[in-house]
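Single-structure report; data block below.
All residue numbers in this chain count up from 1 along the given sequence.
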Amino acid sequence: MPTYQAPLRDYQFVLNELLNIYGENELQGFDEIDADLGDAILQGVADFATEIMLPLNSSGDVEGCKLLDGHVIAPKGFKEAYQQYVDNGWGTLTCDPEFGGQGLPEVIGVFATEMKTATNMAFAMYPGLTHGAYAAIHAHGSDALKQKYLEKLVTGEWTGTMNLTESHAGTDLALLRTKAVDAGEGFFAISGEKIFISSGDHDLAENIIHLVLARLPDAPAGVKGISLFAVPKYLVNDDGSIGGANKLSATGLEHKMGIHGNSTCVMNFDGAIGELVGEPHQGLRAMFTMMNQARLGVGVQGLGVSEIAYQNALIYAKDRIQGRGLSGVKAPEMAADPILVHGDVRRMLMSQKAFNEGARAMMGQQALWLDKAERHSNPEKAKEASKLAALFTPIVKGFVTDRGFNACVDAQQVFGGHGYIHEWGMEQFVRDIRIAMIYEGTNGVQALDLVGRKILSDKGAALMSWSGLVKQFIGENMGNDQMKPYIAGLMDASGDLEKATQFIATNAEKNPDILGAASMPYMQILGITALAWMWARIASTAIVALENGTTEIEFYQGKLKTATFYMNYWAVQTRSLRKQIEASSEQLTQFSEADF
């Protein structure tokens, strides 16, 4: 069975030093936390994830969920583990204290999520989707709806889902057919079928609150006619107690590639009673609150599973002996050298390490922007943070899951033939994380959203804001000789990003199809450059720590070595991606159907 060591020291580095979150005095509620509290919470989550969730990961994958008499049964051990999760209050961390939450910053919560997804992605999805449902109702629901549902969702006593997809309508929600008709007294009867509903039914909690997109009879066509409804599995009485069964059921379980421990259901709503979340015909806006929360969570899945895959690949590479180093014997006392001596194994492992640590810093930065958007005392600074978080949502979801999947494949490759065998865990990691590139908007859709909506629709305003931060950092560190290799790598990547942006903006005016053709490599350029920015900042922070006489010399020198590797191995990839955009985008738009 795979092992896992929570990267607690790295969390301390990101939170305390790189982002200095405990010095954010202008953010509401940040004055109530300190490093000791943050460390204690993350240690507690680490213990739960390692001791309770991880042992259920492989068995849950093998057993999977079962549909019996219209009800889904989760794998053995999941129900007991989930009850312990609720009893420990792990679902309450970042929720509103008014409804039983602890009010902690998202920047702490995001790392709690990383550990949970690393140790058992399928299990972690149950509370993860619940938090998304909480966020949507908290942001858009009426006071009555909040009082009815939020406390139970916060504690985890009830769970939540999101119901968007229909068999004929995936990303294009304008095509959805699920109907909602007035049932009187503020209730609506919901009818339709939804597919691919994660956590759609299970036996972990006493009730499940489905957030369902549907159309009212007078709804305008297209996405402007979509409303959002809260539809409970069991009706809720006026006193908050559980009532009778609602008219909905799981009619099927998807037979899927991975995340077998999470129930992916076909849900049928047959006049199920629900209540409106937000205003009529404004459901997509409300659902996007949940989807954006989910997209951050999916990005964290890409990081979390990549981290546990890397950790186990590194252990294996140190232990497995095969062949001799090309420059000579490295372990003469053994029959062969550990495979860690081989250059290609080192390439795969260092690529994973550099990605994981850079992405972790990026996740922290994204979460801090979200905190600033919600908590900053200065409205202008809150607005600016919101703009930056919106820009980087496709990066967090799309780029991180793309590269996280690749990292898991590399980790599997380190194991050779053993990586293809279930008992080592690598093949499960590859299967599980593959979905992260697909759900919550495929990564191709994320890339198109980045280029079409986040870059061009505002004439690059958000990108220019972020570029201003990058240029400011470069200017502040240009004179530091120790920073030169990191500044050079960041400047090169930034230059390629700027040229790629100009190419797309210029050519898309005469040929809009170029947006789709260039969007995926463009997302990769921005993602690589964003991590170059993070690694340059990490290097600067490490240099300061070493100059100040830290006793953890090896830790900080390790950061500098990895930062150098990132610039030499990862950051240089922006050049070929930019060339790819310039050379092939126009041609892709000109192929006829017969050319394929």
Side-chain angles (χ1 to χ4, degrees), residues 1-10 46 49-50 54-55 57-58 61 114-115 117-121 301-360 400 402-434 531 535 538 554-570 573:
M1 184 181 80
T3 61
Y4 178 71
Q5 185 70 42
L8 296 173
R9 180 63 185 92
D10 214 30
T50 305
L54 182 60
N57 196 34
S58 179
D61 177 62
E114 183 195 337
M115 289 183 280
T117 58
T119 50
N120 196 324
M121 177 176 164
Q301 288 177 342
L303 168 60
V305 181
S306 175
E307 173 65 28
I308 190 171
Y310 162 72
Q311 288 187 19
N312 285 271
L314 178 60
I315 292 169
Y316 185 84
K318 291 179 178 179
D319 183 66
R320 173 72 169 180
I321 60 171
Q322 191 164 309
R324 291 296 189 183
L326 296 180
S327 60
V329 175
K330 300 297 187 292
E333 73 282 4
M334 297 180 180
D337 289 333
I339 62 173
L340 185 58
V341 307
H342 301 307
D344 192 52
V345 172
R346 291 183 166 214
R347 177 192 63 80
M348 289 187 286
L349 289 168
M350 279 305 301
S351 175
Q352 295 164 54
K353 176 180 170 64
F355 166 76
N356 290 343
E357 293 181 18
R360 182 171 297 119
V400 172
D402 267 355
R403 297 306 180 114
F405 173 76
N406 291 346
C408 288
V409 171
D410 276 349
Q412 182 187 36
Q413 190 74 12
V414 170
F415 278 77
H418 291 292
Y420 205 63
I421 306 302
H422 180 81
E423 66 187 88
W424 291 92
M426 294 301 107
E427 60 87 30
Q428 182 187 346
F429 296 145
V430 171
R431 285 187 291 106
D432 281 354
I433 201 58
R434 184 62 182 87
L531 262 62
W535 270 114
I538 289 169
E554 186 176 346
F555 175 83
Y556 291 101
Q557 286 181 340
K559 287 295 184 186
L560 293 178
K561 290 177 182 178
T562 309
T564 302
F565 178 80
Y566 183 87
M567 296 304 176
N568 292 337
Y569 182 84
W570 275 91
Q573 297 174 31

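- Rounded to the nearest 0.5 angstrom, Y4 OH and T119 OG1 are separated by 6.5 Å.
- With contacts defined as side-chain heavy-atom distances shorter than 4.5 Å, the pair F415/I421 does not qualify.
- Summarising the local packing, OH of Y569 is surrounded by more than 12 heavy atoms from other residues, nucleotides or ligands at distances under 6.0 Å.
- Pairs passing the salt bridge (charged side-chain N to carboxylate O under 4.0 Å, His left out) check and including a residue from residues 315-325, sequence neighbours excluded, read R324-D337.
- Taking the side chain as every heavy atom from C-beta outward, L8 and M115 approach each other to under 4.5 Å.
- For S351 against W570, the heavy-atom pair with the smallest separation is O-NE1, 3.3 Å.
- Here L349 contributes atom CG and H342 contributes atom NE2; the two are 12.0 Å apart, rounded to the nearest 0.5 Å.
- When all heavy atoms of A331 and P338 are compared, the closest pair comes out as CB-CD, 4.0 Å.
- Between the side chain of Q412 and the backbone N or O of M426 there is no donor-acceptor pair closer than 3.5 Å.
- The nearest pair of heavy atoms linking T3 to I315 is OG1-CD1, 3.5 Å.
- Within the 4.5 Å cutoff, no side-chain heavy atoms of Q428 are placed close to those of P2.
- A317 and V345 get closest at one heavy-atom pair: CB-CG1, 4.0 Å.
- Taken from CG in D432 to CD1 in I308, the straight-line distance is 10.5 Å, to the nearest 0.5 Å.
- To the nearest 0.5 Å, atom CE of residue M350 and atom CG of residue L314 are 10.5 Å apart.
- Using cut-offs of 30° and 60° for the angle between ring planes, the W424 and Y316 rings count as perpendicular.
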*Derivation of the side chain to side chain contact (heavy atoms under 4.5 Å, CB included) call for R431 and H422*: CA-CA 11 Å; R431 285 187 291 106; H422 180 81; 3.9 Å; yes

Which atom pairs, donor and acceptor, lie under 3.5 Å between side-chain atoms of residues 559-566 and protein residues at least two apart or in another chain?
from: K559; atom 1: NZ; to: D10; atom 2: OD1; distance (Å): 2.5
from: K559; atom 1: NZ; to: E357; atom 2: OE1; distance (Å): 2.9
from: T562; atom 1: OG1; to: G558; atom 2: O; distance (Å): 2.9
from: T564; atom 1: OG1; to: Y486; atom 2: OH; distance (Å): 3.2
from: T564; atom 1: OG1; to: L560; atom 2: O; distance (Å): 2.9
from: Y566; atom 1: OH; to: I528; atom 2: O; distance (Å): 2.7

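- The two residues N57 and M121 have their closest heavy-atom pair at OD1-N, 4.2 Å.
- A distance-only check finds a donor-acceptor pair linking the side chain of Q311 to the backbone of Q5 [under 3.5 Å].
- Nearest heavy atoms, Y310 versus A411: N-CB, 4.3 Å.
- Inter-residue side-chain proximity for I433 and S306 is flagged as unmet; no heavy-atom pair is nearer than 4.5 Å.
- Considering CZ of R360 and CZ of F355, their distance stands at 10.0 Å, rounded to 0.5 Å.
- Residue M1 holds its CE atom at 12.5 Å from CD of E423, rounded to the nearest 0.5 Å.
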